[in-house]
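What you see is a predicted model; the values in this text were computed from it and never measured. Reminder, nothing fancy here: chain letters follow the sequence lines and each chain counts from 1.
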There are 2 protein chains.
Amino acid sequence: MTAPLHEARPAGPGRALPDTQQGMRRRNLARVLHAVRAEGPLSRAAVASRIGLTRAAVSTLVDELIRSGLLEELGPERPGRVGRPGSALALSGRGPAGIGAEVGVDHLAVCAVDLRGATRSRAIRQGANRGRSPEPVLAELTELIHRVVTEAEGEGLWPAGLAVAVPGLVARDARTVVRAPNLDWHDTDLGGLLPADLPLTVDNEANFGALAELWLGEGTPRDFLHVSAEIGIGAAVVVDGGLLRGTRGFAGELGHVPVQPDGPECACGGRGCLEQYAGEEAVLRAAGLEPDEDRVGLLAGRAAEGDEDVRRALRDAGTALGVALTGAVNLLDPESVVLGGELSGLAPWLLPSLREELARRTAGPACPVSVSRLGPQGPLLGAAHSVVRAVLDDPATVAERA
Amino acid sequence: MTAPLHEARPAGPGRALPDTQQGMRRRNLARVLHAVRAEGPLSRAAVASRIGLTRAAVSTLVDELIRSGLLEELGPERPGRVGRPGSALALSGRGPAGIGAEVGVDHLAVCAVDLRGATRSRAIRQGANRGRSPEPVLAELTELIHRVVTEAEGEGLWPAGLAVAVPGLVARDARTVVRAPNLDWHDTDLGGLLPADLPLTVDNEANFGALAELWLGEGTPRDFLHVSAEIGIGAAVVVDGGLLRGTRGFAGELGHVPVQPDGPECACGGRGCLEQYAGEEAVLRAAGLEPDEDRVGLLAGRAAEGDEDVRRALRDAGTALGVALTGAVNLLDPESVVLGGELSGLAPWLLPSLREELARRTAGPACPVSVSRLGPQGPLLGAAHSVVRAVLDDPATVAERA
DNA sequence: GCTATTTCGTCATGCCGATTTACAAATTAG
DNA sequence: CTAATTTGTAAATCGGCATGACGAAATAGC
């Protein structure tokens, strides 16, 4: 559980387990849980037919999962058909919980999600974190975590792990923040600064946002591109239901894709990177506004009021995004592109020009672009759910504790 | 075996097998073969320690593989250490063979590769295929295939499958050529036009080239970007040892990544696509040359002679490639970029400006760019080896035949 | 209402595959 | 020449799923 929860190729339940009989057992435990998760309350017989095992085998698997506190027996199903009614099984609402946390530029947030995917407890603290050193910020976060964990425990849950979303690049060890420009953190190992009694995973907030979209979005495909923006512009590439992380964990740096090879210089060393046309600062400047606390809110407000300068700036940003996404779509052939995170609030003014640019540059039908329903909540939910998924993917690891 | 051999997520041996005891057995057979393939002749005990099974279990697996004709017993190892020497096992040189075929713009080629990876037979026919209809071309190809198969059979091999590399987009059914502009083929199902007694897989020659690089290149990582060019410019994205194909199978269209958003119009509908700066036709035009039969040879020849116009054209093409690759590298964070196919012949004149552009636009160390050793042979070898890999990945499917 | 039918969950049994344990064979170390 | 080490195989055991049979709980038909 200390290992990264979702590698580039997680795919099915517990794919990394050894090919031995115990490994098979563990994979089948996971398959039972996933079947119940995906298709609501299910009888043993129904599970058996979905996952291709016999009723007898499923019976023993279910027994073990009930003993571990991961499954619950809801009692006999209401019979509509002929035959003895089955006994409905559901994921437990009193078992392990995933603790998700988010370090935002101007807020901290924590939540607890149970196996069923329901959020059972949450805590938020507003307050600017830009430039503060990691220690006090994470001390505050730890306090919120304790509060949420205590509340969850009051409801019969126990914390199975902690996942933290940060606005920056995270090394593949899933503990070290390589750089988070908005916080001004560099090469910070969060391991020692957070509760040590919980298995910890740290990841980029764009990645967690994409996972939330994958797991919670309606009709989200298994191959898509998730674009989000804070100050930088990040994308997460989801391939066959798993995140593509890249060798160093730096995949998805859409913000530094060149859109005008001889455009203005960028801090990355290049010229004409997307960030200089569609990044928050660039858009504010183009709209003739000063940087402000709640920049996205400001832009959305002005655009809604009909401010032509702001609308033009957002249209131009959408066009630049369209150019960069054309490249990405050509390279990856995703099923769709989803705008998430803070970007989703500005979508009404970005989307038309973005779609137009993408369609213009595509032969045949253009890749559909949609807006995340989750919006700014994505990263926090994705973090909490990643812990839950890890449990569902290998229930054996937590079974002993319960 | 009719299914595509290498899905986006093939990864380890036979990952798609069911989680039942038979599936486990099949996966373990594959693991034995892969261990022997990767580490030369190995004793049963050595295999056991590599793959984490007991000697007894490996013994029964090896027995089965020897009976199937996939493994051979080489006899006792020369003892250097204390203890009874093991009996060396090697992949059979007289078992199944992978038949690879290539439809090029001006040649046809076929080869047979045995389990050990050795090419055991080959046939080539020069001759322009541009504009010829599929039937006569594939009739010729079929004749070459029969010749190669016959020769391979003479050496005790039997054909396990046929993989065909074509210069164009192939649908995910791995049989239909959606469009091959250089041949002027559109929506052609190759299924009926090739020997029906062999399981068939058709794929883009860039994809097969990338797989060849992955399997045969020295020190090739499991995450890289393979760039190749015929008339168009294609890239294959390899993630964790598997090809990323995209939803429709169209991933890797590097040629239509925008590098100058308001550059000249492209046939794809966009403007300033890479193909207009680094495509073969564009480079020839920029160098003031006429299209010719062997275009790459022509360019390489002139550049070697010191023709300044040609060298400048290639330098500029390298720069454009550098811009497009900057975007791709930022998005995917691959471990390296490999120039393959016909491009490798022009590499000496493309690389300097390409590397310079990539480094200039990258903060920190730039992604290393190398040149394929396989060059134009990649696609054919990749095709043949893909059949061999399919056998190694699930030996049970062919065991019955042998 | 009564019986036949259908489906569910479980048990006893059997099979398959890997592990464990034991042992003979083949080599080196002393 | 003996002890130690390693290999390969055979016999017994164990874990895990499949098979087949059975009681339980519902519907369908009379």
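Phosphate contact (OP1/OP2 of D:dC17, side-chain N/O of A:N28, threshold under 4.0 Å): present. B:S59 has a side-chain polar atom (N or O) that falls below the 4.0 Å cut-off from OP1 or OP2 of D:dT9. Here A:T20 does not reach the OP1 or OP2 of C:dA18: none of its side-chain N or O atoms lies under 4.0 Å away.
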* Could you check B:N28 against B:R25 for side chain to side chain donor-acceptor pair (under 3.5 Å), going step by step and ending with a plain yes or no? => CA-CA 5 Å; B:N28 282 334; B:R25 179 81 178 169; over 6 Å; no
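A:Q22 has its CD atom 8 Å from the P atom of C:dT19, to the nearest Å. Computed from coordinates, the B:E64 CD to C:dA18 C1' distance equals 14 Å when rounded to whole Å. Straight-line distance from the CG atom of B:D63 to the P atom of D:dT9: 6 Å, rounded to whole Å. For A:L29 and D:dG16, the CG to P distance is 9 Å, given to the nearest whole Å. Distance B:R26 CZ to C:dA18 P: 14 Å, rounded to the nearest Å. Distance CZ (A:R27) to C1' (D:dC17): 14 Å, rounded to an integer number of Å. The CG atom of B:L74 sits 17 Å away from the P atom of D:dT7 (whole-angstrom rounding). For the pair B:R78 CZ and D:dT7 P, the interatomic distance rounds to 17 Å; values are reported in whole Å.
We find the OG-CG distance between A:S92 and A:L157 to be 7.5 Å, quoted to the nearest 0.5 Å. Annotation: the span from A:H34 atom NE2 to A:I51 atom CD1 amounts to 11.5 Å, rounded to 0.5 Å. The line from CZ of A:R26 to CG of A:D394 is 4.0 Å long, rounded to the nearest 0.5 Å.
Summary of the strand contacts: B:T54 and B:P85 both lie near DNA chain C, and taking for each the nucleotide with the nearest heavy atom, the more 5' one is attributed to B:T54. The residue among B:G83 and A:R25 whose nearest nucleotide of DNA chain D lies closer to the 5′ end is B:G83. Residues A:R81 and A:A56 both approach DNA chain C. Their nearest nucleotides, taken by heavy-atom distance, put A:R81 toward the 5′ side.
Within 4.0 Å of A:R44, counting heavy atoms only, lie sugar-phosphate atoms of the nucleic acid but no base atom. Across all strands, A:A45 comes closer than 4.0 Å only to sugar-phosphate atoms, never to a base (heavy-atom distances). Looking at heavy-atom distances under 4.0 Å, A:S43 makes contact with sugar-phosphate atoms alone, never a base. Using a 4.0 Å heavy-atom criterion, one finds that A:R55 contacts the bases of the nucleic acid, with or without backbone contacts as well.
The base of D:dT6 is not paired with the side chain of B:R84 by any donor and acceptor separated by under 3.5 Å. With hydrogens and angles ignored, a donor-acceptor pair under 3.5 angstrom links the side chain of A:Q21 to the base of D:dG15.
Between the side chain of B:D114 and the backbone N or O of B:A97, no donor-acceptor pair lies under 3.5 Å.
Between B:R37 and B:L115, the closest side-chain pair of non-hydrogen atoms is not below 4.5 Å.
Side-chain atoms of A:L53 lie closest to D:dC17 of the nucleotides C:dA18, D:dC17, C:dT28.
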